[in-house]
Structure formats: structure tokens, C-alpha cells
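Notes follow once the structure below has been shown.
Start at 1 with the first residue, then count along the sequence.
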Amino acid sequence: MAHAAFAFVLGVALGLVIRRTLPAMATTLVVYAAVQISVPLWLRPHLAVTDRTTVPVEPGGAPISIQEGAQQIVTHPDVPGAWVTSQQTLNAAGQPVPVPSSFADCLRTESGPPTLQQFDRCLADLGALGYQQQVTYHPASNFWALQWAESGLYLGLALALTGFCAWWIRRRLT
């Protein structure tokens, strides 16, 4: 409902300013689409307090996957329904670092993808060096807090646009 209210008032406000139906409709579509893309990407992860955990990189530990040709390690927290917003590899001193190139070299084989034993050995080598993954995530319990915060955001924008419309109409009438 909050999204619909925002889209409607956005269309009204742009119609008042542009004063041409088709250009106002097209502009409304473009602006609303831009908002629908930018809010989930850049704003939604910050609407509620996140949890953070640090897990060691070791075989048999937290579920781990490798991406981008062994240049990125992805750890999945052992929290059902968690929404991971960011993660980074930390060295033994706790400082963010890229995954060392020795890890990719360790996984490289001529006969195809690495075996599970080779993967575990490479993870053990990283773990022995003290590498860890810091994972920032929203637990499933944040679902309703995120929903209410985003609804409040869209209703606040709709209210601000309504105020703008009232001001614009008064200004045009005087």
C-alpha cells in the first residue's frame, strides 16, 4: 500500500509540474523504476540493525563457497533465513584483505575442478594462516522491522510529495 501511495502521489506531483499527461506518465515510470531499483540496493540493508559474526576459514566449519575464480570466499552464517548484506575476508590481525592468490593456486588443477579433499586442504592452509570471514547479515527476525521501516519511508515520501503538491497549487493560484 505504501508503494502504491508513493507511486500515485509521485504521478500527481509530476503531472502538476510537467503539465503534459504523456510526458508526466513517462517521467513517473522512470522515476518510480529508479526508486524501486535504488532502495533495495542501497537503502534497504540499512533500515534495521544488522548482526555480525566472524567465522574461521576451515574445512568442516561454516558453509563456504568460492566465487570469481577463487578470488572471493563466501560464508553462509548458520542462521536460518538470514539475509547476508556484506562479508569480507580478514587476516590474522583482523584487517580486511583480499583472498591471497596462493589460495587460487592451491585450487588449480590440470585435470578439471578441484576435488573435495583438495578443497579442504586449501581451506586448512588458509585457516592455519589465521584467515577468517566477517559476515554482516539480517536475521529472519528483522523481516517485519524492515517491512515497517520501508513502508514508513515510502509513506513519508508520499506525504512530502503531497505537501509539495499543495505548495505548488497555492503558488500557481496566487
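- Residue Val39 is grouped with residue Leu161 when hydrophobic side chains (ILVMFWY) are merged at heavy-atom distances under 4.5 angstrom, including chains of intermediate members.
- Thr89 meets the side chain to side chain donor-acceptor pair (under 3.5 Å) test with Gln133; sequence neighbours excluded.
- Contacts of Tyr154 classified as ring-ring contact (aromatic ring centres under 6.0 Å, His included), with partners at least two apart in sequence or in another chain: His3, Phe6.
- Considering all non-hydrogen atoms of both residues, Ala145 and Ala48 come closest at CB-CB, 4.4 Å.
- With rounding to the nearest 0.5 Å, the separation of OG1 in Thr28 from CD1 in Ile18 is 6.5 Å.
- Both Val9 and Leu157 are part of a single hydrophobic cluster, where members link through side-chain heavy atoms under 4.5 Å apart.
- Rounding to the nearest 0.5 Å places CD of Gln134 at 10.0 Å from CD of Gln87.
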> Phe103 and Asp125: side chain to side chain contact (heavy atoms under 4.5 Å, CB included), yes or no, with the steps?
Replying inline: CA-CA 8 Å; Phe103 182 68; Asp125 291 347; over 6 Å; no
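- Residue-environment remark: CZ (Arg121) exceeds the threshold of 12 foreign heavy atoms within 6.0 Å.
- Both Val97 and Leu126 belong to a single network of hydrophobic side chains, linked directly or stepwise wherever heavy atoms of I, L, V, M, F, W or Y lie under 4.5 Å apart.
- When all heavy atoms are compared, the tightest approach of Pro40 to Pro45 is O-CD, 3.6 Å.
- Placement of Leu123 and Leu129 within a single hydrophobic cluster is found when ILVMFWY residues are connected by side-chain heavy-atom separations under 4.5 Å, directly or transitively.
- Atom CG in Leu29 sits 11.0 Å away from atom CG in Leu14 (nearest 0.5 Å).
- Residues in residues 37-49 take part in these side chain to side chain donor-acceptor pair (under 3.5 Å) pairs, two or more places apart or across chains: Arg44-Glu150.
- Cluster membership check: Leu153 shares its hydrophobic cluster with Trp83, using side-chain heavy-atom separations under 4.5 Å among Ile, Leu, Val, Met, Phe, Trp and Tyr.
- The side-chain tip of Arg170 does not point at the ring of Trp167 from less than 6.0 angstrom away and within 45° of straight on.
- Side-chain N or O atoms of Asn142 include one that pairs as donor or acceptor with a backbone N or O of Val49 at under 3.5 Å.
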>> Under the criterion side chain to side chain contact (heavy atoms under 4.5 Å, CB included), I'd like the reasoning laid out for Leu47 against Trp148: C-alpha separation, chi angles, the key distance, then a yes or no.
In response: CA-CA 9 Å; Leu47 291 177; Trp148 285 111; over 6 Å; no
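- Interatomic distance, Gln36 CD to Leu41 CG, rounded to the nearest 0.5 Å: 11.0 Å.
- Nearest heavy atoms, Ala140 versus Pro80: CB-O, 3.9 Å.
- Using modelled atom types, one side-chain atom of Thr85 and one backbone atom of Thr136 make a donor-acceptor pair closer than 3.5 Å.
- Here the closest heavy-atom approach between residue Val17 and residue Trp168 is recorded as CA-CZ2, 4.1 Å.
- Here OG1 of Thr50 is found 6.0 Å from CZ of Arg52. Values are rounded to the nearest 0.5 Å.
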> Is there a side chain to side chain contact (heavy atoms under 4.5 Å, CB included) between Tyr131 and Leu90 once you walk through the steps?
Replying inline: CA-CA 6 Å; Tyr131 282 89; Leu90 305 176; over 6 Å; no
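- No donor-acceptor pair under 3.5 Å is formed between the side chain of His138 and the backbone N or O of Val84.
- Interatomic distance, OH of Tyr137 versus CG of Asp51, reported as 4.5 Å (0.5 Å rounding).
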